[in-house]
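Index from 1, following the sequence. Atoms within a ligand are numbered from 1 in the order they appear, just like the ligands themselves.
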Amino acid sequence: MTYDVLVVGGGAAGLTAAAYAARAGRSVALFERQARLGGLVQSVNRDGFVFDMGLRAVESAGIVLPMLEELGLHLEYVRSPVSVGIEDRMIRVDSKASLADYRDLLVRTYPDRTADVDRIMALIERIMRDMDVLYGIDNPLFKDPMRDRRYLFGTLLPWMVRFVATIGRINRMSGPVEDLLDELTDDVGLKGIIGQHFFKGTPAFFAMSYFSVYLDYLYPRGGTAALMGLLEGFVRDHDVDVRTQQPILAVDPEARTVTDRDGAVHGYGTLVWCGDLKALYRAIDAEAIADPRLARAVVARRAELEACRGSDSVLSLFLSVDEPPATFAAVSEGHLFYAPDARGLGDLHTRGLEELLARHADGPLPEEPVKTYLDAFFARTTYEVSIPVLKDPTMAPPGKTGVIVSTLFDYRLTRRIHEAGWTAAFRDHAAEAMIAALEARLYPGLGAKVRSRFMTTPVTLESVTGNTDGAIIGWAFDGPRMPAIHQMQKVASSVRTPIAGVLQAGQWAYSPGGVPMAILTGKLAANRAVKGARR
Ligand SMILES: Cc1cc2nc3c(=O)[nH]c(=O)nc-3n(C[C@H](O)[C@H](O)[C@H](O)COP(=O)(O)OP(=O)(O)OC[C@H]3O[C@@H](n4cnc5c(N)ncnc54)[C@H](O)[C@@H]3O)c2cc1C
């Protein structure tokens, strides 16, 4: 069978692409290698505890809610306020005024650094004004300005003037956040507490805009995967041929066909690739391509991508706790960013980790030195803690609480541990160290109340989704070069590939990725595919 549009990958990007292509009346197939759709965005029920395996809350970013409205979908959600904590101090972030509390938190933690803190605050305040412009209106891609004159003249045109000024400032802040922090302070702890929350080399604007993102978080009733559930319902209702547990293993760009795991061949007018991008180029047999220009383009792009790494990944610990939600509600909101040690990581996770890996480059990674590293890392890293039952009371059995604790984590370290054969010991050690970091000041006695626990590592994420290096937002920022479009004004071209009839969307197409950008690029790809099919 030949489809007008064949989508590979059923995450946020693929579901969006399939939804919009089907809505435009095209014949659409969606192939997903896992048993469930949603990609990284999953919510699972373990004995009555619902855990969000991927993102802990959704930021609309002027994209998610307008997309749902355009598709006629209704998401039940609550606002999801955030707490920020350092050691035993905690603030609640629920409005722009909370920035004053954040300043106060930092000044109390670093009393000799008031001037540095004020410089940082002034910058965050300016960036929040830019964010008000960037995400301040419903994204025009999900509106119909030609029909909606009020939106066109009252909202879009005045906004475009402000957007042009803002985008210039954003582009000027595209250097790594670490360099920016070096300019603002020489206090290692203060730099760490602000910077270690982000992927290495994160563009400064993106990192420093997080205070605005906190105010935008919403939590879907039933878990973050409820968002994916709505999109899945839409594609199924619109006759998309959904094939789960069916990875696409080969692509023939000249015949415009793909081959699935069972060896079945499917034709396409346009292929929209929403999975790992290295996998696309590995799936093409360049030597079998007759057109030498196309063959050269495929080989060149493959070589370029093979030289690039995925972003930092994430390690998550899921705890079923025999303690009522009220105990946790007394400490923080249901979504918390927490640093247990004001000294921060310093260069432990950068230079320290590189030295550790280099020292043992020629043999299996031994347990003892790595455990020493892990103890220091888990005592000083920043945690994202999510407590779903504080956002939706149905998310845990009565009187009990599910707690999700995660931290950015290096893929190579988990891969090397896996290869050395002590993953189970690593998981136990990491879980104990993470619980100890939270017990010290945040939740005394937590460990004794944990009834069951499980963990996902960067290697888990890689094996489930096929994502290079277990990445969650696409390419590494500190790699040799960025092989994806990363400027907002060029986002429309991020879905193009050098191969006629093949488009890309999702976290590997635009950097930095994330759910809103996966949705945006998914729709851009669908629009292009629909136009192609019309021709
Ligand atoms: C713990 C965690 C926290 C996060 N926090 C946030 C956050 O706060 N905000 C935010 O915006 N984002 C966050 N993210 C990232 C966000 O979830 C992802 O960037 C986004 O979901 C990516 O969507 P995607 O469709 O591009 O890719 P994915 O979700 O990776 O989906 C790709 C899909 O393609 C499938 N696939 C791959 N290859 C093939 C093949 N050959 N054939 C068939 N199927 C294939 C995979 O199985 C997968 O289902 C977080 C992620 C995690 C894990």
Test side chain to side chain contact (heavy atoms under 4.5 Å, CB included) applied to N527 and L141, V495, L503, the passing residue
L141
Starting from the N and O atoms of ligand 1, find every protein N or O within less than 3.5 Å and list the pair with its distance.
residue, atom, partner, partner atom, Å
ligand 1, 9 (N), E59, OE1, 3.3
ligand 1, 11 (O), V515, N, 2.9
ligand 1, 19 (O), I472, O, 2.7
ligand 1, 19 (O), G514, N, 3.3
ligand 1, 25 (O), A12, N, 3.1
ligand 1, 25 (O), A13, N, 3.0
ligand 1, 26 (O), Q507, N, 2.9
ligand 1, 29 (O), L40, N, 2.8
ligand 1, 30 (O), N467, ND2, 2.9
ligand 1, 30 (O), Q507, NE2, 3.1
ligand 1, 41 (N), I248, O, 3.1
ligand 1, 42 (N), I248, N, 3.0
ligand 1, 44 (N), R33, N, 3.1
ligand 1, 47 (O), E32, OE2, 2.6
ligand 1, 47 (O), Q34, NE2, 3.1
ligand 1, 49 (O), E32, OE1, 2.7
ligand 1, 49 (O), E32, OE2, 3.1
ligand 1, 49 (O), Q34, NE2, 3.3

Would you please name every residue forming a ring-ring contact (aromatic ring centres under 6.0 Å, His included) with F199, sequence neighbours left out?
none
Give, for atom OG1 of T382 and atom CD1 of I193, the distance between the pair rounded to the nearest 0.5 Å.
5.0 Å
How would you list all residue pairs meeting side chain to side chain donor-acceptor pair (under 3.5 Å) that involve residues 10-23, not counting sequence neighbours?
Y20-E70
Going by the side chain to side chain donor-acceptor pair (under 3.5 Å) test, which pairs reach into residues 497-514, not counting sequence neighbours?
N467-W508
Look only at the side chain of K391 and the backbone of A57, and say whether a donor-acceptor pair between them is shorter than 3.5 Å.
no
